[in-house]
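Structure record follows, encoded as structure tokens.
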Amino acid sequence: MKLRNILIMTVILLVLGVFFFIFNSGPEPEPLVEPRPFVWSFEFGELKKIAISLPQEGKRESWVKHEDKYWYFDQSNGPKVNMERWGGGIPLLLSGPGAERLITVESTADQLKMYGLEDPRMKIDLILESKDAINIVIGDRTPDAQAYYVKAVDSGSVYSVDHTWYEVLERLVLEPPYPEPEEK
Amino acid sequence: MQTAIVALLGLASLFIGWILMFILPGIRTFAWGILALGVVLIAGTFIIDFRRIRAALVSRRGKLGVSTTVRISLFIGIILFANAISVDKYHRFDFTGLAQFTLTSQTKDVLANLDKPVEIVSFFTPTVPIMISRYAKNLLTEYQNYTDQLTVRDVDPDLNPDQARQYGVDQFGVLYGVVFIRSEEGQRQVFGPQIAGEAEHAFTSAIVEVTGTKQKKVYFLTGHGESGTYSDYNSVRSGLRDNLFQVGELDLVATPSIPEDAAVLVIAGPQKPLASREFEIIKAYLKNAGRVFILLNPDPPQEFRQLLSGWWLHIQDGILIDPASYVVPHKDNLLVPRTKNSFQLAETYFPGATAIIPMQERPDDVELSALVWTSQEAWLEQEFVPGDEPVFNEPADRKGPLAIGALVSTTPADQAQAIKGTRLIVIGDSDFATNRNFHNGNNSDLFLTAVNWLAAGKEIISVDRKVLITRRLLLSPEEARLLHISSIGLLPLLLLVSGGYVWWRRRRS
């Protein structure tokens with residue numbers, strides 16, 4: 001046996017092995033596809049009252065769910081909402097939008113200003129059957145115009161939510177879903 | 001016998017287990033089980049028949065076998081670990097002629113000579129393809145290795161919309177990614193699609209521009225069937241941009257004059273006549289210290305002949321044939337060696353060219369010389385038929401040597417920086433620079449050196465271009481003959497001779 005050669009090769013192998021195990025992280029693991037975070041979440045059937053306001057435009061609308069489980073404008077003798085526009089989609093949208101990104105976990109005052117949340121363009125007030133309240137503010141569009149900055153008032157986290165979610169809710173205020181004449 | 005069977009089963013289990021481990025990772029646990037079984041069987045063999053195995057191992061054959069096995073295993077282990085380590089940790093040595101896999105020499109020159117601070121801010125969101133954002137980041141890191149004047153920052157526009165607004169990042173920039181490059185003299189943006197296609201050129205051009213260095217612009221005339229810079233002259237366009245020229249197209253029907261920022265006007269293979277107004281514009285431009293590069297094919301439109309006759313150049317009908325120097329097998333595909341090229345470029349070729357004939361009488365202050373020319377055996381063939389063997393017919397055909405290209409200059413032709421004066425280059429072929437031929441031989445060098453010579457003295461940038469090493473074998477008739485003979489006859493002959501020598505030596509001994 002050529003012990004010397006074997007010993008030399010063994011030493012080389014050990015050195016390389018140690019180097020490998022200490023310094024090489026190995027192939028990068030596949031990035032975990034994190035599930036989309038929800039800005040807030042509850043069962044949409046728990047929703048009792050909705051109020052959406054556009055402070056910068058001075059407009060506000062609100063709706064309440066009656067005993068018959070239908071939604072009505074929250075006014076004296078408020079009519080039932082246009083079911084074609086309302087359907088079950090609006091409560092579902094408000095039960096918890098999936099966020100595009102978590103922008104920041106704990107926002108500072110400067111960040112709130114930067115994201116337009118200090119002077120929000122939309123405020124949403126939700127009241128659940130359990131009397132719990134969820135208040136949300138929506139700020140500016142993101143630079144790619146694909147989302148809006150959104151924050152639950154009692155949370156420091158800021159998220160971005162797809163622009164279509166905002167636009168549907170905005171339209172409820174700008175073009176309230178009054179029933180068609182035959183529906184009344 | 002029984003222990004042998006058990007040992008074989010153990011080895012088979014080990015082998016099967018290893019195979020399953022790699023090809024069916026889904027049943028890895030099962031594979032581990034088979035491996036464990038193999039180990040148990042092998043161990044069992046050792047225990048059952050220990051004495052016999054020990055005797056075999058300590059025997060001479062056994063020791064040799066074990067030694068060999070151990071050494072082979074160690075060697076394989078070393079190779080495996082070395083490869084595993086090199087996956088993450090490596091350094092690349094680029095031995096290619098132009099350092100093709102690192103920054104170009106032009107970029108390195110620009111960075112080395114950078115004397116003003118340049119700020120580079122990358123705006124990438126996670127939705128921008130990682131190929132673009134990572135490539136940009138790695139490339140800019142490479143740039144920073146060559147200069148201290150660059151500061152590079154990454155900004156996520158979603159997290160920092162105020163900075164995005166400050167820099168004027170628009171929706172397109174956020175969606176596809178954008179890199180801002182700014183310095184004293186201005187700001188440039190490089191968008192994601194540009195980064196994917198030509199990042200180094202885009203970044204270097206932007207750095208050059210924002211530091212106040214003006215790039216030369218080459219205009220290509222259009223409207224007469226010329227080769228287009230986005231079609232068959234696309235390689236020319238890329239080559240010029242690699243050399244930090246800007247490239248534009250010029251339609252003299254729509255534009256009243258040659259633009260002020262034109263360093264060179266290129267007319268590449270026109271097939272239709274010039275309108276009289278266009279003719280006058282180009283004529284006036286040339287007269288007024290213009291720089292023009294004209295590439296004509298055999299039998300060009302009359303107006304171009306007329307234009308060139310004003311500069312003491314005559315175009316005669318016909319195609320050049322050179323039986324002494326051509327790219328096999330076409331004798332009209334002229335191969336021009338270094339000795340027949342005034343730019344001293346080795347091996348350029350012209351697939352179908354006409355002759356540029358200088359007029360003898362011209363003013364003393366005009367320098368006129370051949371740029372590339374044929375051998376003495378060449379001639380200008382009047383009745384060339386592709387496929388037929390060309391034959392010299394006196395007196396219709398004109399005997400060589402003949403110029404394929406010519407330089408005309410009212411400034412000293414050998415002066416690199418010539419601010420004033422007219423410079424004109426005419427070549428009797430435009431196909432040598434098409435996409436198919438541009439990167440072969442030194443055709444690209446010829447074109448780009450010609451443009452550089454024409455543009456010399458107009459603006460600040462003058463970057464010498466390195467030769468792109470040819471990848472296509474161009475054979476003259478002699479070389480083709482030698483290759484043919486050597487490949488068919490030489491090797492067998494060598495074998496025969498060496499075999500004969502060995503036989504003769506053995507006979508003697």
Check: Just checking heavy atoms, which of residues 152-165 of chain B are less than 4.5 Å from chain A?
Finding: B:D156, B:P157, B:D158, B:L159, B:N160, B:P161, B:D162, B:A164, B:R165

Check: Quick one: which residues of residues 136-146 of chain B reach chain A at under 4.5 angstrom, heavy atoms only?
Finding: none

Notebook entry, point to check: So which of B:P126, B:S73, B:G173 has the biggest tally of heavy-atom pairs under 4.5 Å with chain A?
Noted result: B:P126

Next item on the list: Could you tell me which of B:L175, B:T68, B:L80 has the largest number of non-hydrogen atom pairs under 4.5 Å with chain A?
Entry: B:L175

Notebook entry, point to check: Using non-hydrogen atoms only, which part of B:F123 is less than 4.5 Å away from chain A: side chain, backbone, both, or neither?
Noted result: neither

Next item on the list: Name the region of B:V70, side chain, backbone, both or neither, that has any atom closer than 4.5 Å to a heavy atom of chain A.
Entry: side chain

Check: Quick one: which residues of residues 136-168 of chain A reach chain B at under 4.5 angstrom, heavy atoms only?
Finding: A:D140, A:T142, A:P143, A:D144, A:A145, A:Q146, A:Y149

Check: If you check every heavy atom in residues 91-119 of chain A against those of chain B, which residues fall under 4.5 Å?
Finding: A:R101, A:I103, A:M114, A:Y115

Next item on the list: With rounding to the nearest 0.5 Å, note down the distance linking CD1 in B:I78 to CG in A:L16.
Entry: 6.5 Å

Margin query: Using 0.5 Å steps for rounding, measure from the CG atom of B:L74 to the CD1 atom of A:I8.
Written below: 11.5 Å

Decide if atom [atom1] of [X] counts as having more than 12 heavy atoms of other residues, nucleotides or ligands within a radius under 6.0 Å.
X	atom1	answer
B:Y176	OH	no
A:F44	CZ	no
A:D68	CG	yes
A:K48	NZ	yes
A:E43	CD	no

